[in-house]
Visitor: 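Shown below is the structure under consideration.
These numbers were taken from a predicted model, which means no experiment stands behind them. Below, each value reflects all heavy atoms present in this structure, side chains not excepted, and no hydrogens, waters or symmetry copies. Both ligands and their constituent atoms are indexed starting at 1 by order of listing.
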Amino acid sequence: MSLLELYDASLLGRANQPALECAKADGALLSLQFADLETRSNRLGRLLTDRGLRSGDRLAFCLSNRVEVIDLWLACVKLGVIVVPINVMYKTREISHICADASPRAVVTTTDRAGDFPSGVELWDVDTVTALAQSLPGDRCAVQSRADSPAALIYTSGTTGVAKGAILTHGNFAANALSLLTAWQITPSDRYLAALPLFHVHGLANGVHCWLASGCHMRLVERFEASRAVQWFEEYRPTLFFGVPTMYVRLLEVPVERARAIGAQTRLFVSGSAPLPASVLEQFADAFGHTILERYGMTETLMNVSNPLIGERRPGTVGRALPMVSVEIRDAHHRAVATDCVGELWVRGPNVCSGYWQREEATAAAFVDGWFGTGDIGVMSPDGYITLQGRRSDLIISGGFNIYPREIEELLTSFAGVHEAAVAGQPDPVRGEVPVAYLVCEATTDFAAIETQLRQELASFKVPRAYVRVDALPRTALGKVQKHLLPSRET
Ligand code: MLC
Ligand code: AMP
């Protein structure tokens with residue numbers, strides 16, 4: 001099945017229903033029906049075809065949330081073109097790696113970002129592309145994709161710190177959408193407030209797909225801003241909100257009476273991408289009158305596990321396996337462990353990616369007999385609820401964005417005078433964790449200079465919040481750094 005057939009229930013079946021609203025450049029609200037999205041993406045599809053893009057080619061985008069990302073996604077799905085989202089916060093170094101690895105035909109972006117791209121990468125200005133497409137025919141031109149046709153390469157890192165493109169197929173996105181629609185009972189009468197970035201699977205595979213597959217209404221905002229969130233909730237009156245824990249922490253600042261009123265009009269608040277602290281769940285329930293529904297997924301697998309819509313949302317757990325998804329907790333020898341015993345989560349189902357782009361070894365290492373090893377450690381209760389307890393690999397999640405310490409450590413040790421470096425996550429009440437760098441270095445090492453350089457090479461959320469000079473890194477007899485023994489520190 002092509003994703004297009006799933007979307008057609010709304011694109012064609014609900015053509016004259018309101019579909020989407022978002023702010024235009026002048027601040028006025030742009031309202032579109034599903035038929036408008038169909039026409040806009042057909043026109044863009046013509047332009048992409050005229051520019052030589054064909055099924056299987058890659059096209060990247062590096063954009064904040066805006067309607068053109070939706071146009072681009074729909075046009076590419078229709079043409080079988082593989083979309084490569086790039087995090088807008090990435091700097092030249094990070095972008096260069098993705099462009100070299102995915103070799104997109106072009107990157108759709110804004111002119112102010114041109115300096116962040118390596119030479120040789122073709123850049124298309126989003127406004128120019130949109131304006132040119134407007135004069136092209138609006139009738140549909142689509143190829144037949146299959147469930148196993150790649151729809152997107154979404155970059156995510158392993159322990160090596162080198163980002164790999166997870167190949168997500170039409171079938172992966174379709175299965176994920178159908179699973180969530182069923183589990184969370186999303187219907188055309190829902191109203192979804194979309195504040196998650198569309199360059200990650202939480203915003204794209206869950207948000208956009210629950211919207212398109214249900215034919216509900218979506219309000220798209222450029223990015224989550226705590227100071228504007230109350231206004232969005234009060235004006236738009238969403239029934240659905242998906243967020244990372246940091247967004248819920250920010251929403252706790254909403255005055256209690258307004259929080260109650262927002263809670264009364266909202267049907268479902270979902271959290272994922274990082275652990276939701278039990279204290280936030282409790283405080284949110286007190287203020288908004290809702291127990292946030294926590295679920296668990298990852299880029300490579302989309303959504304695996306969810307607390308139930310109806311039934312017990314058990315605090316501290318991520319719930320039970322979603323429809324169509326098999327989850328097993330295994331020991332290091334791939335044997336399933338008993339309930340209440342700790343092990344690694346392995347998953348299998350139509351939601352799991354087909355592998356990593358042009359990385360046969362990494363793909364082979366990730367799968368055993370069709371099961372995908374998530375690297376997440378947890379336990380399953382006798383009634384199937386899963387509690388996550390950590391990760392097999394070194395990962396910091398800050399505000400829902402993943403940070404691989406190894407990437408930062410390699411940069412740090414490239415500075416003159418830095419002999420050894422370890423980057424560890426330090427608890428943070430808002431972002432969950434923030435990175436802190438521990439350095440074995442010369443007395444003359446200038447942390448300010450290191451920070452300036454890192455800011456040019458890394459997305460801001462990866463830049464350490466503090467630098468700590470240590471005499472030596474605590475290591476095991478085998479030389480592995482014991483990060484839990486590093487001194488904690490006020491940032
Ligand atoms: C954050 N920043 C952005 C941005 N979001 N910059 C540009 N575009 C965006 N969309 C930058 C800010 O400029 C700032 O930079 C820093 O991040 C913090 O911003 P803030 O305004 O202080 O926001 P805050 O209230 O802390 O909230 C941050 C946040 C953001 C929640 C809005 O962290 C966010 O959007 N997180 C979502 C991540 C996500 O979608 N993850 C899903 C991955 S998929 P500076 O320079 O001040 O640091 C996955 C699988 C799964 O994990 O299970 O879902
Ligand atoms: P990403 O690589 O960005 O897709 O991040 C996926 C990782 O986020 C998972 O492997 C988990 O470690 C983490 N994650 C996602 N959802 C949750 C959750 N609800 N609680 C804890 N960790 C989560």
Visitor: For Asp369, look at atom CG and say whether over 12 heavy atoms of other residues, nucleotides or ligands are found less than 6.0 Å away.
Guide: no
Visitor: Restricting to non-hydrogen atoms, name the atom on Asn176 and the atom on Ala205 that form the minimum distance, rounded to 0.1 Å.
Guide: ND2-O, 3.3 Å
Visitor: Identify, for atom 20 (P) of ligand 1, the protein heavy atom at the shortest distance, and state residue, atom and that distance.
Guide: Arg223 NH2, 3.6 Å
Visitor: In terms of side-chain heavy atoms, does Asp148 have a donor or acceptor partner in Thr169 at a distance below 3.5 Å?
Guide: no
Visitor: Restricting to non-hydrogen atoms, name the atom on Cys341 and the atom on Ile329 that form the minimum distance, rounded to 0.1 Å.
Guide: O-CG2, 4.0 Å
Visitor: Heavy-atom distance from atom 12 (C) of ligand 1 to the protein below 4.0 Å?
Guide: yes
Visitor: Over 60° means perpendicular and under 30° means parallel, so tell me whether His200 and Phe401 are parallel, tilted or perpendicular.
Guide: tilted
Visitor: So if I apply the side chain to side chain contact (heavy atoms under 4.5 Å, CB included) rule between Pro464 and each of Ile408, Val436, Leu439, which one comes out positive?
Guide: Ile408
Visitor: Mind checking whether Gly297 has an N or O less than 3.5 Å away from an N or O of ligand 1?
Guide: yes
Visitor: Any side-chain heavy-atom pair from Val77 and Phe173 closer than 4.5 angstrom?
Guide: no
Visitor: Tell me, do Gln283 and Tyr248 make a side-chain contact under 4.5 Å, heavy atoms counted?
Guide: no
Visitor: Please report the closest heavy-atom contact between Leu3 and Ala151, naming both atoms and the distance.
Guide: CD1-CB, 4.4 Å
Visitor: Looking only at non-hydrogen atoms, which of Pro197, Ser460, Ala205 approaches atom 40 (O) of ligand 1 most closely?
Guide: Pro197
Visitor: For the residue pair Gln358 and Asp101, what are the closest heavy atoms and their distance?
Guide: OE1-O, 3.8 Å
Visitor: Students should be able to answer this: which protein heavy-atom is nearest to atom 8 (N) of ligand 1, and at what distance?
Guide: Val88 CG2, 3.6 Å
Visitor: On the 0 to 90° scale, with breaks at 30° and 60°, tag the His209-Trp73 ring pair as parallel, tilted or perpendicular.
Guide: perpendicular
Visitor: Among protein heavy atoms, which sits nearest to atom 25 (O) of ligand 1, and what does the distance come to when rounded to 0.1 Å?
Guide: Arg250 NE, 2.5 Å
Visitor: Tell me the protein heavy atom at minimum distance from atom 33 (O) of ligand 1, and give that distance in Å.
Guide: Gly399 O, 2.9 Å
Visitor: Can you list every protein residue that has a heavy atom under 4.0 Å from any atom of ligand 2, sorted by chain and residue number?
Guide: Thr156, Ser273, Ala274, Pro275, Glu294, Arg295, Tyr296, Gly297, Met298, Thr299, Val318, Asp376, Leu388, Arg391, Ile397, Asn402
Visitor: Dump the intermediate steps for ring pair (Phe, Tyr, Trp, His ring centres under 6.0 Å) on Trp184 and Phe242, then the final yes or no.
Guide: CA-CA 12 Å; Trp184 300 341; Phe242 299 167; 5.5 Å; yes
Visitor: Give me the atom names and distance for the closest heavy-atom approach of Val108 to Leu72.
Guide: CG2-CD1, 3.8 Å
Visitor: I need the nearest protein heavy-atom contact for atom 44 (S) of ligand 1: residue, atom name and distance, please.
Guide: Val201 CG2, 3.7 Å
Visitor: Which residue and non-hydrogen atom of the protein lie closest to atom 49 (C) of ligand 1, and at what distance in Å?
Guide: Ser273 OG, 3.7 Å
Visitor: Run the salt bridge (charged side-chain N to carboxylate O under 4.0 Å, His left out) test on Lys480 and Asp394 for me, step by step, so that the C-alpha distance in whole Å, both residues' side-chain angles and the decisive distance to 0.1 Å come before the verdict.
Guide: CA-CA 12 Å; Lys480 189 177 175 332; Asp394 203 8; over 6 Å; no
Visitor: For atom 3 (C) of ligand 1, which of Glu300, Met89, Arg465, Arg431 has the closest heavy atom?
Guide: Met89
Visitor: With heavy atoms of Leu196 as the reference, note each atom of ligand 1 found under 4.0 Å away.
Guide: 40 (O)
Visitor: Could you tell me the residue and atom name of the protein heavy atom closest to atom 34 (C) of ligand 1, and the distance to it rounded to 0.1 Å?
Guide: Phe401 CE1, 3.4 Å
Visitor: Give a yes/no on ligand 1: does Arg295 have at least one heavy atom closer than 4.0 angstrom to it?
Guide: yes
Visitor: Do the non-hydrogen side-chain atoms of Tyr90 and Ser96 ever get within less than 4.5 Å of each other?
Guide: no
Visitor: Under 3.5 Å between some N or O of ligand 1 and some N or O of Gly400?
Guide: yes
Visitor: Short N/O distance, under 3.5 Å, between His200 and ligand 1?
Guide: no
Visitor: State the atoms of ligand 1, each with its element, that fall below the 4.0 Å cut-off from a heavy-atom position in Thr246.
Guide: 26 (O), 27 (O), 31 (C)
Visitor: If we set the cut-off at 4.0 Å for heavy atoms, which region of Ala226 has an atom near ligand 1: side chain, backbone, both, or neither?
Guide: neither
Visitor: Say whether Ser398, considering both its backbone and side-chain N or O atoms, lies within less than 3.5 Å of an N or O atom on ligand 1.
Guide: no
